[in-house]
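This report refers to the structure that appears directly beneath it.
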Amino acid sequence: MKRGKKAAEATVEEDNDAATETSAKKAKKTKEPEAPILYEDPPDKMSSKDGRAANMKISSWNVDGLRAWVKKNGLDWVREEDPDVLCLQETKCSEKNLPAEITSMPEYPYKYWCVSDEKEGYSGVAMLCKTEPVKVTYGIGKEEHDKEGRVITAEFPTFYLVTAYVPNASRGLVRLDYRKTWDVDFRSYLSELDMQKPLVLCGDLNVAHQEIDLKNPKGNKKSAGFTPEEREGFGQLLEAGFVDSFRELYPEQANAYTFWTYMMNSRAKNVGWRLDYFVLSSSLVPALCDSKIRNKAMGSDHCPITLHIAV
């Protein structure tokens with residue numbers, strides 16, 4: 001049967017209405033991507049709870065390869081931040097291959113390097129100081145740990161400063177047992193130092209202690225850095241008389257991370273982990289002024305952190 005023009009037009013309109021309704025249903029099903037919740041580092045507090053002015057500024061940064069970090073202008077940030085001591089982790093660089101841009105820095109005449117004995121381009125920590133420490137030591141006195149180049153300890157007149165790159169439990173948790181051994185031995189080392197004078201521990205401690213310390217806690221219960229064993233190890237360190245300085249000052253602050261994987265645009269989305277810490281002897285808490293996360297600084301998959309303290 002031949003259809004009239006009006007009937008045809010009506011059918012087209014019905015089809016268009018149906019298509020519009022279908023599109024609307026699809027649109028309802030498709031969720032809008034969530035806007036990332038970013039962390040804004042608040043203004044620095046420059047006095048302690050007991051009213052003393054901060055007189056020591058320490059910065060720590062896992063640079064994920066010193067030579068690459070220097071090429072990405074990491075030293076520009078250092079000069080702008082201008083800490084009294086700069087601690088670096090995961091330098092991945094032997095002393096003979098250190099970039100001249102950092103070895104020749106006049107701002108830090110006292111420079112200390114600790115590298116892996118066995119693997120070139122693996123692990124490694126550094127400490128750069130404006131004033132000379134009383135004494136500097138390397139490792140924690142146990143060969144199985146010290147061969148990987150993970151710890152430098154500097155003694156200053158009133159405190160120890162320890163920088164550490166704590167071993168990762170690795171993909172598949174193949175090093176979890178080793179990590180548990182490390183946690184026990186490292187805690188013992190720190191406790192022995194603390195009996196002599198208070199200490200500041202800084203670095204990449206490779207653990208997100210609480211659920212608030214990473215974006216997706218539910219999906220990472222079996223991931224390196226968030227296993228019950230690693231979290232318990234960090235908890236035992238705190239129970240031994242030490243304090244997580246950031247949580248001491250900002251106990252409820254969410255979305256404050258120091259590490260973002262390079263994959264899936266994680267940093268722009270702020271899908272991260274807080275793995276980098278300043279941990280203090282409990283006796284230093286009255287001297288704590290501020291514990292900062294400098295998440296705007298680029299150049300690594302970690303951002304730097306800074307401590308203000310009155311010592």
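Computation of the quantities below employed the complete heavy-atom set of this structure, encompassing side-chain atoms and omitting hydrogens, waters and symmetry-equivalent molecules.
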So, [X] side chain and [Y] main chain: donor-acceptor pair closer than 3.5 Å or not?
X	Y	result
Trp77	Met298	no
Ser282	Gly241	yes
Ser123	Ser116	no
Thr258	Asp276	yes

Determine, for [X] against [Y], whether the closest basic-nitrogen to carboxylate-oxygen distance falls under 4.0 angstrom.
X	Y	answer
Asp213	Arg274	yes
Arg175	Glu148	yes
Glu40	Lys296	yes
Glu248	Lys49	yes
Asp183	Arg187	no

Kindly work out whether a path of hydrophobic side-chain contacts (I/L/V/M/F/W/Y, heavy atoms less than 4.5 Å apart) joins [X] to [Y].
X	Y	value
Val125	Tyr189	no
Phe226	Leu176	no
Leu201	Val85	no
Trp182	Val162	yes
Leu88	Met127	no

How about [X] and [Y]: do any of their side-chain heavy atoms sit closer than 4.5 Å?
X	Y	result
Leu75	Met105	yes
Leu98	Lys111	no
Gln253	Arg247	yes
Thr306	Pro83	no
Ser59	Leu86	yes
Trp61	Cys87	no

Might you work through the salt bridge (charged side-chain N to carboxylate O under 4.0 Å, His left out) test for Lys221 and Glu211, ending with a clear yes or no?
CA-CA 10 Å; Lys221 295 276 171 77; Glu211 291 197 353; 3.8 Å; yes

Would you name the heavy atoms of [X] and [Y] that are closest together and state the gap between them?
X	Y	result
Ala254	Tyr39	O-CD1, 4.5 Å
Lys92	Arg67	O-NH2, 3.1 Å
Tyr112	Cys129	CE1-SG, 4.1 Å
Tyr160	Thr153	CD2-CG2, 4.0 Å
Val207	Phe234	CG1-CD1, 3.9 Å
Thr158	Val311	OG1-CB, 3.8 Å

Scan side-chain atoms only and decide if His209 and Asp244 contain a donor-acceptor pair under the 3.5 Å cut-off.
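No, Asp244 and His209 have no side-chain donor paired with an acceptor closer than 3.5 Å.
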
Does a donor on one side chain sit under 3.5 Å from an acceptor on the other, for Ser170 and Tyr178?
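Checked: Ser170/Tyr178 side chains show no N/O donor-acceptor pair below 3.5 Å.
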
What verdict does the salt bridge (charged side-chain N to carboxylate O under 4.0 Å, His left out) test give for Asp82 and Lys130, after you've listed the backbone C-alpha separation in whole Å, the side-chain angles of each residue and the deciding distance to 0.1 Å?
CA-CA 10 Å; Asp82 194 29; Lys130 288 187 176 181; 2.6 Å; yes

Within a radius of less than 6.0 Å around CZ of Arg79, do more than 12 heavy atoms belonging to other residues, nucleotides or ligands occur?
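Yes, the 6.0 Å shell around CZ holds more than 12 heavy atoms from other groups.
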
Take atom CD in Gln196; do more than 12 heavy atoms of anything else shown fall under 6.0 Å from it?
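Yes, enclosed.
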
Atom [atom1] in [X], atom [atom2] in [Y]: separation rounded to 0.5 Å?
X	Y	atom1	atom2	answer
Trp273	Lys215	CH2	NZ	14.0 Å
Asp290	Ser48	CG	OG	11.5 Å
Phe156	Lys197	CZ	NZ	10.0 Å
Phe159	Ile58	CZ	CD1	4.5 Å
Asp41	Asn295	CG	CG	6.5 Å
Asp194	Ser283	CG	OG	6.0 Å

Does the side chain to side chain contact (heavy atoms under 4.5 Å, CB included) test come out yes or no for Val151 and Phe186, once each step is laid out?
CA-CA 10 Å; Val151 177; Phe186 191 44; 4.1 Å; yes

Step-by-step side chain to side chain contact (heavy atoms under 4.5 Å, CB included) determination, Cys202 to Leu161:
CA-CA 8 Å; Cys202 69; Leu161 175 60; 4.2 Å; yes

Among [options], which one satisfies side-chain contact (heavy atoms from CB on, under 4.5 Å) with [X]?
X	options	value
Ile293	Tyr257, Tyr250, Phe246	Phe246
Arg179	Leu173, Thr227, Val166	Val166
Lys292	Lys57, Lys45, His308	His308

Quick one, Ile102 with Val78, criterion side chain to side chain contact (heavy atoms under 4.5 Å, CB included). Give me CA distance, side-chain angles, the key distance, then yes/no.
CA-CA 11 Å; Ile102 195 166; Val78 173; over 6 Å; no

Run the numbers on Cys303 and Trp260 for side chain to side chain contact (heavy atoms under 4.5 Å, CB included), then give the verdict.
CA-CA 9 Å; Cys303 73; Trp260 306 262; 3.8 Å; yes

Going by the rule side chain to side chain contact (heavy atoms under 4.5 Å, CB included), which residues pair with Asp301 if we only count those two or more places apart in sequence or in a different chain?
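Residues passing side chain to side chain contact (heavy atoms under 4.5 Å, CB included) with Asp301: Asp64, Phe259, Tyr262.
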
Let me see the working for Arg294 and Asp44 under salt bridge (charged side-chain N to carboxylate O under 4.0 Å, His left out), right down to the final yes or no.
CA-CA 11 Å; Arg294 306 298 201 201; Asp44 294 16; 2.7 Å; yes

